[in-house]
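One structure below.
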Amino acid sequence: MSKKEKKFSKGEILFKKGETCENIFTIEEGKVDLFDSPTGTGRRIGSKTVNQILGEDDLLNEGFYSKTAKALTDVIVEVQSREEFILNKQKKGALAPTFDDEFNLNFDSNDGDFDLNDFTEESVSPVKNKRKQLSKNESKNEVQVKHSDNQALVKVEPLHRTVQPLKNSPIILSADAKKSSLTQWFQENQNKIPVAFGPILLLAQIDGDTDNKIVLSLYEILKTIPNLQVHLIDKPILDVGYERARLQMLSWIDQYEADFGLYAQPDNAGRTLEFHIVNTGVQKQTYNIGTRFFMPISMDETQQKLFQAFCVSTMVPRRLEQEQILRLFLPNLLNSLIPYAQKPMIGLSSEEQGVNLVCFANALSLIGLSGYMESKTSIAFEIYKEAIKLLPIYAPEYVFVTRQVGLLQQIEGEKNRDLSSLKDAENTFLKALSVISGKMQPDVFADLNLRVGNVRQNIAIQSGNGQDFANAIKSYKDALGTFTPQKNLEKWADAMNGLAKTLQIFSSYSTKTTLLSKSIEIYERELSALNKEANSILWARTANNLASALFALFEKENHDISILRRAVDVFSEALAVYDNLGQPKMAEVAQKNLKKAEFILKRTEKEFEENKNWLDDIVQNDYNEDKSAEKNEEEPLTFERIAVFEELDE
């Protein structure tokens, strides 16, 4: 296919915010500025230059341009239609941009940046692959999904035309080590049949299933999932230890270059199967997030659909065609299952029922937070609470689901400024903490203390009680006893930021600057450990909060104008990073802070300049009075000096 180029003159608009993504542009010459307004005017929120792509994330998410692109210089771009672009992505197996490399379900909101006018938090989501952000008007509890016929992933048809029909009998792969990849295996053994697009699931044999009746029935259920390729491994996983079994499945996944694996182990009575999903490339999680579930060996039609939903929802999508399954298949399936799946399944033990409830609630949360269907957070909340009643405290999912309930209670409390909901969240987190050992599970212990610190900080802000502030400080310090910037950079930064912010807010209740100075010191340490390029969002958040603390210190010690100048410099750096990252809402916070600090700096410098000689006289008089005080210690010169500076403040 010949290369298509197009030229734009300086000042010409390539595309406008809100327009349908018809084309993707790769810059060959020149530079393009990005604006939040459709007209391409106002404050610039980002820029692109040679070899960078315009419109990719918009096409893969909503299908509409989220910014206006305007040529800063004369520009030459390579143009691809949306169909050409997606087809090339599929053929290359490119990564999907919507999900983090390490997927972890939660409802947590990250600490926001300080606004000098109040302590309202703006939610910031550090993302590794620039996943879709929720707008300020779209809470995590009520995600409004915009449906459009122009959504690129829905309309692209070449994907379906290239998929090969599944055979009546499955392809069985050898569990023994092979040198060739799955693609090569197809070419060598199947007369070079083209490999269909779509994620590849490896299904292991089941111990005791001598005639393969059970595994073949599972295969029949799974193969009806659109675009999913299912291949059988000719051996079962016999190890009952989860970690060793996981490593065995990962070796098969790596061997055949598959995407994820599924294995099952029957119970002694031969009535149920315990399923485990293993994803490639996903490191060991702090919590068990629902990678196991239980189903009867003989499933009715509804249970078969639930089985499909569990398998797909625990997949970590890493390519465009994997994400398409989540977009097109899972939402409708989950909606149809809600009346059935939100109740305990008859015929399973209490623990098995609880595990399935957790898995289904996770699936609802995943789809809701990813923007593929109307958010079902409230339903997930009720399901999690029901699961807690059924799960024993030794179940791997118990601590995770208790933490989820705490996070949902925290969100509710913050949204409605409800102190009782925040205290419920605190008690729920403490309940999870009570069943773990800090020595045996240090990462879980530290993470829960971070959550407790966050909710206690919110309680302290509302109550103004000194003990509440002290409790929050203790929780953050307990978390920092485990988190280090070398091993847990993001969580360490969250804990440091939370501790510094708590001290900063607490300092507003005192005329002394001890707590505020300590807060600044902690922000400085956090900032020094963050890389401005690699950890841009965290760096900008910390810089903005540091500048706000410096500004507060200046207001308490306004005779030192150098503090205010530094606050202005740091605000400027934070704003530049937010602009460069295309984070308009956070840039707005930093810009508002910067304008206020610049205004006060300008006014203060003018006053200092106008009264320079007068101030010099005061300082000299103070010096003479201090010398006199050495001779007569009873003279109350300290009060006179304070009165002079209070007059200057006025």
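Side chains are part of it too, since the values below use all heavy atoms of this structure and drop only hydrogens, waters and symmetry mates.
Looking only at distances, no side-chain donor or acceptor of Lys501 sits under 3.5 Å from a matching main-chain atom of Gln457. In this structure, Thr482 contributes its side chain and Ala479 its backbone to no donor-acceptor pair below 3.5 Å. A side-chain donor-acceptor contact under 3.5 Å links Ser37 to the backbone of Thr41. Between the side chain of Asn531 and the backbone N or O of Ala534, at least one donor-acceptor pair lies under 3.5 Å.
Counted within 6.0 Å of CD1 on Ile393, heavy atoms from surrounding residues, nucleotides or ligands total 12 or fewer; the atom is thus considered open. More than 12 heavy atoms of other residues, nucleotides or ligands sit less than 6.0 Å from atom CD of Gln591.
A salt bridge does not link Lys518 to Glu524: none of the charged side-chain nitrogens sits closer than 4.0 Å to a carboxylate oxygen. Look at Asp447 and Arg403 and you find a salt bridge, because one of the NZ, NE, NH1 or NH2 atoms lies within 4.0 Å of a carboxylate O, short of that distance. A salt bridge links Arg246 and Glu243; the closest N-O separation between the charged side-chain nitrogens and carboxylate oxygens is under 4.0 Å. With salt bridges taken as basic N to acidic carboxylate O contacts below 4.0 Å, none links Glu588 and Lys585. The pair Asp569-Arg565 fails the salt-bridge criterion, with no side-chain N (NZ, NE, NH1 or NH2) lying under 4.0 Å from an Asp/Glu carboxylate O. Salt bridge Asp494/Arg541: present, at least one basic N to carboxylate O contact under 4.0 Å. A salt bridge between Lys17 and Asp36 is present, with a side-chain N of the basic residue lying under 4.0 Å from a carboxylate O of the acidic one.
Residue Leu527 is tested with Leu538, Asn497, Thr542 for a side-chain contact (heavy atoms from CB on, under 4.5 Å); the sole match is Thr542.
Rounded to the nearest 0.5 angstrom, Ser434 OG and Asn427 CG are separated by 11.0 Å. Here the straight-line distance linking atom CZ of Arg566 with atom CG of Leu601 works out to 14.5 Å at 0.5 Å rounding. Interatomic distance, Ile27 CD1 to Thr49 OG1, rounded to the nearest 0.5 Å: 6.0 Å. Taken from CG in Leu422 to CD1 in Ile411, the straight-line distance is 11.5 Å, to the nearest 0.5 Å.
A 4.5 Å side-chain heavy-atom check between Val435 and Thr402 finds every atom pair outside the cut-off. Counting heavy atoms from C-beta outward, Lys592 and Val589 have side chains that stay 4.5 Å or more apart.
Qualifying ring pair (Phe, Tyr, Trp, His ring centres under 6.0 Å) partners for Tyr65, counting only residues two or more places apart in sequence or in other chains: Phe15. Contacts of Phe599 classified as ring pair (Phe, Tyr, Trp, His ring centres under 6.0 Å), with partners at least two apart in sequence or in another chain: none.
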Assess whether side chain to side chain donor-acceptor pair (under 3.5 Å) is satisfied between Asn416 and Glu412, documenting all intermediate values.
CA-CA 6 Å; Asn416 301 321; Glu412 187 69 20; 2.7 Å; yes
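When only modelled atom types and interatomic distance are considered, Asp58 and Ser66 share a side-chain donor-acceptor pair under 3.5 Å.
Seen from the ring of Phe381, Lys385 counts as a face-on cation partner, given the 6.0 Å and 45° thresholds.
Aromatic ring orientation, Phe506 versus Phe469: parallel (interplanar angle below 30°, classes split at 30° and 60°).
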